[in-house]
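Heads up, the thing below is written out as structure tokens.
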Amino acid sequence: QVQLVESGGGSVQPGGSLRLSCAASGRDVDYYAIGWFRQAPGKEREGISCINSSDGSTRYAASVMGRFTISRDYATNTVYLQMNSLKPEDTADYYCGAERGWVGVCFGPSMRSGDGLDAWGQGTLVTVSS
């Protein structure tokens, strides 16, 4: 099983940037796809980005496309989410989640909804406000 710990949340003004980190540990970390999810008060959880384990291929939700970038450092088992041009509507609790699989996990339903994932981090709050 893999364990995940997020960091990097905080408060920022609209148009600003933040970088979230998801540190993964445990057995066979390299065989897990890792995604970023967010949930704002009163809204459903949204899978916003994901990076596959086999080839580093990525997926983004339309709401963050062009503004957020996901990356993975295999040496440190850390997945990053660089968030630029932040908007007030990006305010939410952000979580990383992991699902075991070598190919194409990010393009399946679980990494869009978050249902059935193998592991979750504890979350980090991002607030975008002037």
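All values below come from the heavy atoms of this structure, side chains included, with hydrogens, waters and symmetry mates left out.
- Tracing side-chain contacts under 4.5 Å through hydrophobic residues (I, L, V, M, F, W, Y), one never reaches Leu86 starting from Tyr80; they form parts of separate clusters.
- Taking Glu89 as the reference, Lys87 meet the side-chain contact (heavy atoms from CB on, under 4.5 Å) condition, with sequence neighbours excluded.
- Here the CG atom belonging to Asn77 is positioned 11.5 Å from the CD atom belonging to Gln3, to the nearest 0.5 angstrom.
- For the salt bridge (Lys or Arg N to Asp or Glu O under 4.0 Å) condition, the pairs that include at least one residue of residues 109-125, sequence neighbours left out, are Arg45-Asp115.
- Rounding to the nearest 0.5 Å gives a distance of 5.5 Å between CG of Leu4 and CD1 of Ile34.
- With Tyr94 as the aromatic partner, Arg38 does not meet the cation-pi criteria of under 6.0 angstrom to the ring centre and within 45 degrees of the ring axis.
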Would you list the atom pairs, donor with acceptor, under 3.5 Å between side chains in residues 121-130 and any protein atom, with sequence neighbours excluded?
residue, atom, partner, partner atom, Å
Gln122, OE1, Glu6, N, 3.4
Gln122, NE2, Glu6, O, 3.1
Thr124, OG1, Gly9, N, 3.1

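- Take Ser21 and apply the side chain to side chain donor-acceptor pair (under 3.5 Å) test, not counting sequence neighbours, and it matches no residue.
- Grouped with Tyr95 in one hydrophobic cluster are Phe37, Val105, Met111, Leu117, Trp120, the linkage being side-chain heavy-atom contacts under 4.5 Å among Ile, Leu, Val, Met, Phe, Trp and Tyr residues.
- Sorted by first then second residue, the salt bridge (Lys or Arg N to Asp or Glu O under 4.0 Å) pairs that include residues 121-130, not counting sequence neighbours, number zero.
- Hydrophobic cluster membership for Trp102: Tyr31, Val103 (Ile, Leu, Val, Met, Phe, Trp, Tyr linked by side-chain heavy atoms under 4.5 Å, directly or transitively).
- Sorted by first and then second residue, the ring-ring contact (aromatic ring centres under 6.0 Å, His included) pairs involving residues 2-25 (not counting sequence neighbours) form an empty list.
- Atom-to-atom distance recorded for Trp36:CH2 and Tyr60:OH is 12.5 Å, nearest 0.5 angstrom.
- To the nearest 0.5 Å, the span separating CZ on Arg59 from OG on Ser49 amounts to 7.0 Å.
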Sequence neighbours excluded and cut-off under 3.5 Å, please list the side-chain donor-acceptor pairs for residues 61-76, or say none.
residue, atom, partner, partner atom, Å
Ser63, OG, Glu46, OE2, 2.7
Arg67, NH1, Ser85, O, 3.0
Arg67, NH1, Asp90, OD2, 2.7
Arg67, NH2, Ser63, O, 2.9
Arg67, NH2, Asp90, OD1, 3.0
Arg67, NH2, Asp90, OD2, 3.4
Arg72, NH1, Tyr32, O, 2.8
Arg72, NH2, Val29, O, 3.1
Arg72, NH2, Tyr32, O, 2.8
Asp73, OD1, Ala75, N, 2.9
Asp73, OD1, Thr76, N, 3.4
Asp73, OD2, Thr76, OG1, 3.4
Tyr74, OH, Ser53, O, 3.0
Thr76, OG1, Thr78, OG1, 3.3

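- The side-chain contact (heavy atoms from CB on, under 4.5 Å) check on Ser57 picks up Asn52, Asp55, Phe107, with sequence neighbours excluded.
- Sorted by first and then second residue, the disulfide bond (SG atoms under 2.5 Å apart) pairs involving residues 91-130 (not counting sequence neighbours) are Cys22-Cys96, Cys50-Cys106.
- Considering every non-hydrogen atom in both Leu18 and Gly10, the closest pair reads CD1-O, 3.9 Å.
- Every residue two or more places apart in sequence or in another chain that forms a side chain to side chain donor-acceptor pair (under 3.5 Å) with Gln82 is listed here: Asn84.
- Remark: Asp28 engages Arg100 in a salt bridge, criterion side-chain N to carboxylate O under 4.0 Å.
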